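Report on the following structure.
Everything numeric here is computed off the predicted structure, so don't read it as measured data.
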Amino acid sequence: MLSPESIFRQPPQALSISLRRLLGALGYAFDAVELHHARLVAAARDFYQPESQPGFTDLSPEQRAGMICDAWSCLDWMHRFRQLVKRLPFGEPRPAFVDPFLDELDTARLLRNRLHHFDEDFASGEHCESGHPILGSLSWIDSRYARGFLYAFIASGPSVESGQVSNFSIPAREDLPSEIGNFSLLAFDRTLSLSAMLSTTREFMHAFEPLVQTTIAETLREAAVENNVPLDVAGRYAPCDMITAIAFDVGGDQWTWNTASSFSRVEVALGSMDVSDP
């Protein structure tokens, strides 16, 4: 998850509302990818507990459905993050690392689109090379197994005849996760490594976030100098996230807003972004 001080969590007020909205959406999309992958790791950890024997806890239907949902959600948020990155006004030429990232995450778009346009697949198994379950199967590796590693997968439902529900090959030792990882989603005619895509997205964000921070600071500094605005004012943070709950009391046919029982909070970071010369 991004830090509370990230430019995507507390953009400066001086930026246009369209850019602030875009930055906020990018932050949420990145955090959503991290969140759903973390849920997959937590569920896999509950499934196998090496300190007990035999170590396996049968996953309930709710847990299995939850893992399939988190896998597709992780994929969908990767696609959304990619789409939002494309909308950021980089100027020309784009930084060298942007287009390779967009190209690598294009596989997320292709698989995500299969799910959103799968009506023709439902009965015929079209685009399903070996009759995979319609909503796919999720696999992962658990290296906490003392004698080597465990490979596990969940199929979302029956396959067509003897359809393939897993696309497993023995990984090289250096490709094994330190504990739990290598989550892959197999659906239709495609397999996508969610864990590899997450690593790619993290590496991209590692270069992307400081670039955005520096570019915005330089832009605000130049505008502040040109317009004789104090730098601390130019970089002042804007209100960001909001959460609100409104309580209504019932009295006969009337509804009364009870302000004492309501709640509202808007994230307003104190201070300003440093836009001074580095």
- Task: Start with the C-alpha gap between Ser143 and Glu179, add the side-chain angles, then the distance that decides, and say whether side-chain hydrogen bond (donor to acceptor under 3.5 Å, both in side chains) holds.
- Result: CA-CA 5 Å; Ser143 295; Glu179 283 196 345; over 6 Å; no

- Query: Out of curiosity, does Met67 fall in the hydrophobic cluster containing Leu35 (side-chain heavy atoms, cut-off under 4.5 Å, transitive links)?
  - Reply: no

- Query: What do the steps show when you test Phe208 against Phe204 for ring-ring contact (aromatic ring centres under 6.0 Å, His included), and what is the final call?
  - Reply: CA-CA 6 Å; Phe208 179 56; Phe204 172 80; 4.8 Å; yes

- Message: Can you pull out every salt bridge (Lys or Arg N to Asp or Glu O under 4.0 Å) where at least one residue sits in residues 3-20? Sequence neighbours excluded, please.
- Response: Arg9-Asp31

- Note on the structure: Distance col, row Leu192:CG vs Arg112:CZ, nearest 0.5 angstrom, shows 13.5 Å

- Message: Measuring only between side-chain heavy atoms, which start at C-beta, is Leu138 closer than 4.5 Å to Phe183?
- Response: yes

- Message: When you group the ILVMFWY residues by side-chain heavy-atom contacts below 4.5 Å and let the links chain together, are Met273 and Val225 in the same group?
- Response: no

- Task: Please confirm whether the backbone N or O of Tyr48 pairs with a side-chain atom of Arg144, one donor and one acceptor, at under 3.5 Å?
- Result: yes

- Task: Give the C-alpha distance, both sets of side-chain angles, the deciding distance and a yes or no for side-chain contact (heavy atoms from CB on, under 4.5 Å) between Asp142 and Phe149.
- Result: CA-CA 6 Å; Asp142 193 327; Phe149 67 89; over 6 Å; no

- Carboxylate-amine/guanidinium contact Arg82 Asp106, below 4.0 Å: yes

- Note on the structure: Taken to the nearest 0.5 Å, the spacing of Trp77 CH2 from His36 NE2 works out to 7.5 Å

- Item | From CA spacing to verdict: side-chain contact (heavy atoms from CB on, under 4.5 Å), Met205, Phe8 | CA-CA 11 Å; Met205 184 60 95; Phe8 301 107; 3.6 Å; yes

- Quick one: CG on Leu211 to CD1 on Ile7, what's the gap to the nearest 0.5 Å? 11.5 Å

- Query: Does any non-hydrogen side-chain atom of Phe47 lie less than 4.5 Å from one of Trp140?
  - Reply: yes

- Query: Has the side chain of Ser156 got a donor or acceptor atom that lies under 3.5 Å from a matching backbone atom of Gly136?
  - Reply: yes

- Could you state the interatomic distance from CZ (Phe81) to CE (Met197), rounded to the nearest 0.5 Å? 13.0 Å

- Closest approach of Phe263 and Ile243, non-hydrogen atoms and distance? CE2-CG2, 3.8 Å

- Hey, does the side chain of Glu104 reach the backbone of Phe101 with a donor-acceptor pair shorter than 3.5 angstrom? no

- Are Leu135 and Leu110 linked, directly or through other ILVMFWY residues, by side chains that come within less than 4.5 angstrom of each other? no

- Item | Working for side-chain contact (heavy atoms from CB on, under 4.5 Å), residues Leu26 and Val85 | CA-CA 7 Å; Leu26 278 161; Val85 168; 3.7 Å; yes

- Query: Looking only at atom types and distance, does a side-chain atom of Ser264 sit under 3.5 Å from a main-chain N or O of Thr244, one as donor and one as acceptor?
  - Reply: no

- Note on the structure: salt bridge (Lys or Arg N to Asp or Glu O under 4.0 Å) pairs touching residues 145-157, sequence neighbours excluded, are none

- pair Asn182-Ser139: side-chain heavy atoms closer than 4.5 Å: no

- Rounded distance [0.5 Å steps], CG in Leu15 versus CG in Leu23: 6.5 Å

- Item | Test item: Pro12 and Arg236 side chains (from C-beta on) under 4.5 Å apart, heavy atoms | no

- Item | Gap separating the OG1 atom of Thr215 from the CG atom of Leu220, nearest 0.5 angstrom | 11.0 Å

- Mind listing the closest non-hydrogen atom pair of Ile246 and Ser262 along with its distance? CA-OG, 3.5 Å

- How close do Leu2 and Gly27 get, heavy atom to heavy atom, and via which atoms? CD1-CA, 3.6 Å

- Item | Side-chain donor or acceptor of Asn258 paired with backbone N/O of Ala260 under 3.5 Å | yes

- Leu176, Phe153: one ILVMFWY side-chain cluster at the under-4.5 Å cut-off? yes

- Note, Val250 side chain near Trp255 side chain (heavy atom, < 4.5 Å): yes

- Task: Return the minimal non-hydrogen interatomic distance between Phe90 and Pro95, and the atom names on each side.
- Result: CD2-CD, 3.7 Å

- Query: Any side-chain heavy atom of Met78 sitting closer than 4.5 Å to one from Cys74?
  - Reply: yes

- Message: Does Tyr237 form a side-chain contact (heavy atoms from CB on, under 4.5 Å) with Gln13? I'd like the steps, not just the answer.
- Response: CA-CA 5 Å; Tyr237 295 125; Gln13 179 78 49; over 6 Å; no

- Query: Would you find a donor on one side and an acceptor on the other, under 3.5 Å apart, between the side chain of Asp175 and the backbone of Pro171?
  - Reply: no

- Task: Only counting residues at least two apart or in another chain, list the ones meeting ring-ring contact (aromatic ring centres under 6.0 Å, His included) with Tyr28.
- Result: none

- Item | For Glu34, all residues meeting salt bridge (Lys or Arg N to Asp or Glu O under 4.0 Å), sequence neighbours excluded | Arg202

- Message: Using side-chain hydrogen bond (donor to acceptor under 3.5 Å, both in side chains), reason through Ser193 and Ser195 one step at a time and then give a plain yes or no.
- Response: CA-CA 5 Å; Ser193 172; Ser195 297; 5.1 Å; no

- Nearest atoms (heavy-atom pairs only) where Ile180 meets Pro177: C-CB, 3.9 Å

- Item | Under the salt bridge (Lys or Arg N to Asp or Glu O under 4.0 Å) test, residues paired with Arg39 that sit two or more places apart | Asp70

- Item | Considering all heavy atoms, the nearest Leu111-Trp72 contact | O-CZ3, 4.0 Å

- Quick note, salt bridge (Lys or Arg N to Asp or Glu O under 4.0 Å) partners involving residues 86-97, not counting sequence neighbours, are Arg94-Asp99

- Message: According to a hydrophobic-cluster definition based on side-chain heavy atoms being under 4.5 Å apart (Ile, Leu, Val, Met, Phe, Trp, Tyr only), do Val33 and Met1 belong together?
- Response: no

- Query: Hey, does the side chain of Asp274 reach the backbone of Ala217 with a donor-acceptor pair shorter than 3.5 angstrom?
  - Reply: no

